[in-house]
Number of protein chains: 2
Amino acid sequence: MKGHMKHGQAFVPPVGSPGDPRSGKGSWVRGKRGYHHGNLSEALIEAAKGLLAEKGPAGFTLKDAAKAAGVSPAAPYRHFKDRAALIGAVSDRGYAQFSEWLREAASAGTDPADAFNRLGEAYLAFAADEPGYYTAMFDAEGVGKTDHDAGAGAFSILVEGLTKAYGAESFGGADPRLIGLQVWALSHGVATLAAAGRLPYGPGVPTAAEILSRGVDALVRGARR
Amino acid sequence: MKGHMKHGQAFVPPVGSPGDPRSGKGSWVRGKRGYHHGNLSEALIEAAKGLLAEKGPAGFTLKDAAKAAGVSPAAPYRHFKDRAALIGAVSDRGYAQFSEWLREAASAGTDPADAFNRLGEAYLAFAADEPGYYTAMFDAEGVGKTDHDAGAGAFSILVEGLTKAYGAESFGGADPRLIGLQVWALSHGVATLAAAGRLPYGPGVPTAAEILSRGVDALVRGARR
DNA sequence: TGTACATCAGTGAACGCGCGTTCACTGATGTAC
DNA sequence: TGTACATCAGTGAACGCGCGTTCACTGATGTAC
């Protein structure tokens with residue numbers, strides 16, 4: 001995954017100060033700082049993602065996001081209709097990125113069975129590494145049509161990986177989508193329990209990744225024949 | 001100042017009116033109605049549970065709960081330290097009831113394998129029938145120590161059912177708790193995806209219960225040997 | 001090339017609202033004598 | 001048994017706060033001539 005510049009959360013230096021990230025580093029369209037931010041909608045999405053990750057959907061406020069991006073509370077309304085629209089934008093990004101991760105994981109290497117295992121790992125890694133996205137995608141109140149489509153897209157990658165890995169016929173007539181759904185649910189369950197601190201942990205206790213990978217393995221093995 | 005009889009909330013019938021639920025129906029401890037509610041903490045928990053189910057943790061307000069219970073906004077503070085304490089009480093109840101459901105499901109009948117399957121069904125049924133409890137248990141911000149203990153209790157019922165059904169040794173040396181965790185995560189995943197409307201549905205599409213029961217089955221079968 | 005002007009993307013103060021919570025109070029209940 | 005009194009469990013008004021959002025505005029930018 002590309003290291004995209006972390007900008008603009010929590011302690012944004014005043015515009016034009018020496019530490020100001022708006023001084024023309026990489027992802028900033030304009031090298032000049034000033035009255036206009038230049039990349040505000042991007043920065044807001046990034047800030048929202050961070051706040052969502054940190055405080056959850058309830059702890060996220062538009063004003064905080066604006067402050068994190070270094071602008072006044074009214075500025076976001078130039079780019080997003082309201083708070084829900086901003087969260088929606090985070091969710092959209094999340095789904096896009098999620099699908100990309102899955103697609104990458106599925107296409108790397110040559111062995112389909114390995115590819116499928118990597119899919120599960122990618123799922124967990126995404127939930128763990130991008131809690132902001134994950135929260136916006138699954139936890140937000142406003143679940144729109146876009147999300148369903150995007151979710152369906154990600155899901156189809158999973159099912160495809162499954163059939164490629166094991167063959168569409170190898171589940172004894174069972175619809176591979178059913179197994180896909182089960183894998184999806186298991187992944188989601190592990191991810192959310194882990195995020196909520198509801199999974200036991202400590203020495204000798206399996207990690208979330210182990211629980212999932214061995215679970216997916218057992219699930220698929222048990223479903224075949 | 002005597003004119004104090006007016007409670008002033010929207011739809012609660014005046015004290016003593018024919019429709020007043022405080023007229024001594026069943027669960028009301030006192031047959032007499034009056035200034036004192038008589039069973040307020042109970043009523044508040046019940047109201048909170050309903051609101052949590054209806055609107056989620058974000059949509060739940062203490063004032064609404066008070067109104068639903070037919071008392072003034074200050075009254076809940078006689079029984080609960082603050083809003084979090086009320087939600088915590090709902091969560092506690094939820095865990096108690098949850099464990100009871102699981103225990104019942106596990107102990108009915110004679111065949112351990114059947115018993116184990118019923119455990120999964122009971123899990124889903126609980127999440128579906130008691131969304132208020134489920135929300136408080138897993139979704140609430142304030143996850144206390146009590147919850148962990150109660151959750152551990154419920155979990156141990158699951159693991160016990162598993163070992164009874166299949167024998168502690170039959171998982172090829174794998175810790176039955178690992179399989180228990182996977183079953184738990186799968187159940188939780190199916191339940192939360194279903195609650196969020198994230199599971200496809202329609203004619204010919206498996207229900208949440210089918211997804212889970214067949215998934216648990218595959219999981220256990222795949223984990224053995 | 002310079003200048004006038006339209007448009008864009010910000011500002012900062014203010015709004016209305018509804019939340020959780022506190023307050024001094026009062027009506028009802030239980031108890032000691 | 002009756003009565004005085006302490007305690008309990010409510011009331012209703014008010015508070016401070018921080019939210020989402022709107023407003024009239026202004027500085028910066030892009031463009032036509």
Side-chain angles (χ1 to χ4, degrees), chain A residues 8 12 14-16 20 22 28-44 47-48 51-52 55-88 140-142, chain B residues 1-10 12 14-16 20 22 28-45 47-48 51-52 55-88 140-142:
Chain A
V12 177
V15 175
D20 182 11
R22 271 159 292 189
W28 293 95
V29 170
R30 300 164 200 293
K32 283 316 202 194
R33 351 108 180 184
Y35 189 91
H36 289 84
H37 185 287
N39 212 2
L40 183 54
S41 73
E42 205 64 28
L44 283 170
L51 288 167
L52 247 13
K55 318 236 208 161
F60 162 81
T61 75
L62 239 203
K63 276 178 173 165
D64 282 347
K67 188 195 277 190
V71 293
S72 78
Y77 290 89
R78 294 279 163 209
H79 299 270
F80 301 98
K81 188 181 144 281
D82 55 19
R83 187 193 120 109
L86 175 53
I87 297 183
E141 300 93 62
Chain B
M1 156 181 306
K2 67 263 238 128
H4 241 260
M5 289 310 284
K6 193 194 185 107
H7 285 221
Q9 59 282 89
V12 175
V15 174
D20 183 10
R22 273 158 292 187
W28 294 94
V29 169
R30 300 166 199 292
K32 285 315 201 193
R33 346 98 186 201
Y35 189 92
H36 289 85
H37 185 287
N39 212 1
L40 184 55
S41 73
E42 205 64 28
L44 284 170
I45 291 175
L51 288 166
L52 247 15
K55 317 237 210 161
F60 163 81
T61 75
L62 239 202
K63 276 179 174 164
D64 282 347
K67 188 194 276 192
V71 294
S72 78
Y77 291 89
R78 294 281 162 207
H79 299 270
F80 301 98
K81 190 180 143 281
D82 54 19
R83 186 194 121 109
L86 175 52
I87 297 184
E141 299 93 62

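Note that this is a predicted model, so its numbers are computed, not measured. Protein chains get the first letters and strands the later ones, always in sequence-line order, with residue 1 at the start of each.
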Problem - B/Ala75 versus B/Leu40, closest heavy-atom pair with distance - result: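 The answer is CB-CD2, 3.9 Å.
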Quick one: which of [options] gets closest to the side chain of [X]?
X	options	value
B/Ala74	D/dA13, C/dG10, D/dT21	D/dA13
A/His36	C/dT22, D/dG27, C/dA24	D/dG27
B/Arg78	D/dG10, D/dT22, C/dC19	D/dG10
B/His79	D/dA9, C/dG10, D/dT11	D/dA9
A/Asp64	C/dT21, C/dG10, D/dC19	D/dC19

Gap between atoms [atom1] and [atom2], on [X] and [N] respectively (whole Å):
X	N	atom1	atom2	result
B/Ile87	C/dC19	CD1	P	14 Å
A/Tyr77	C/dT11	OH	C1'	15 Å
A/Leu62	C/dT11	CG	P	14 Å
A/His37	C/dT11	NE2	C1'	14 Å
A/Glu42	C/dA9	CD	P	15 Å
B/Asn39	D/dG10	CG	C1'	15 Å
B/Leu44	D/dA9	CG	P	13 Å
B/Leu40	C/dA28	CG	P	17 Å

Exercise for the section: Before giving the answer on side chain to side chain contact (heavy atoms under 4.5 Å, CB included), spell out for B/Leu62 and B/Tyr77 the whole-Å C-alpha distance, their side-chain angles and the decisive distance to 0.1 Å. Expected result: CA-CA 10 Å; B/Leu62 239 202; B/Tyr77 291 89; 3.3 Å; yes
Practice task
Whenever both distances are under 3.5 Å in a Watson-Crick or G-U wobble pair, mark it; put DNA chain C into dot-bracket that way, with [ ] for crossing pairs and | when the partner is on another strand.
Solution key: .||||||||||||||||||||||||||||||||
Handout entry: D/dG18 base / A/Lys63 side chain donor-acceptor hit below 3.5 Å
Key =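 No such pair is found, so the answer is no.
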Handout entry: Donor-acceptor pair present, B/Arg83 side chain and C/dG20 base, under 3.5 Å
Key =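 Per atom types, no contact qualifies.
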Handout entry: CA sep, side-chain torsions, deciding dist, call: B/Ile45, B/Phe80, side chain to side chain contact (heavy atoms under 4.5 Å, CB included)
Key = CA-CA 10 Å; B/Ile45 291 175; B/Phe80 301 98; 3.9 Å; yes
Out of curiosity, [X] [atom1] to [Y] [atom2], how far, rounded to the nearest 0.5 Å?
X	Y	atom1	atom2	result
A/His79	A/Leu44	NE2	CG	7.0 Å
A/Leu86	A/Lys81	CG	NZ	12.5 Å
A/Lys63	A/Arg83	NZ	CZ	13.0 Å

Handout entry: Evaluation steps, side chain to side chain contact (heavy atoms under 4.5 Å, CB included), between B/Asn39 and B/His37
Key = CA-CA 6 Å; B/Asn39 212 1; B/His37 185 287; 4.1 Å; yes
Exercise for the section: Describe the nucleic acid contact of A/Ser72 in one word from base, sugar-phosphate, nothing, applying a heavy-atom distance below 4.0 Å. Expected result: base
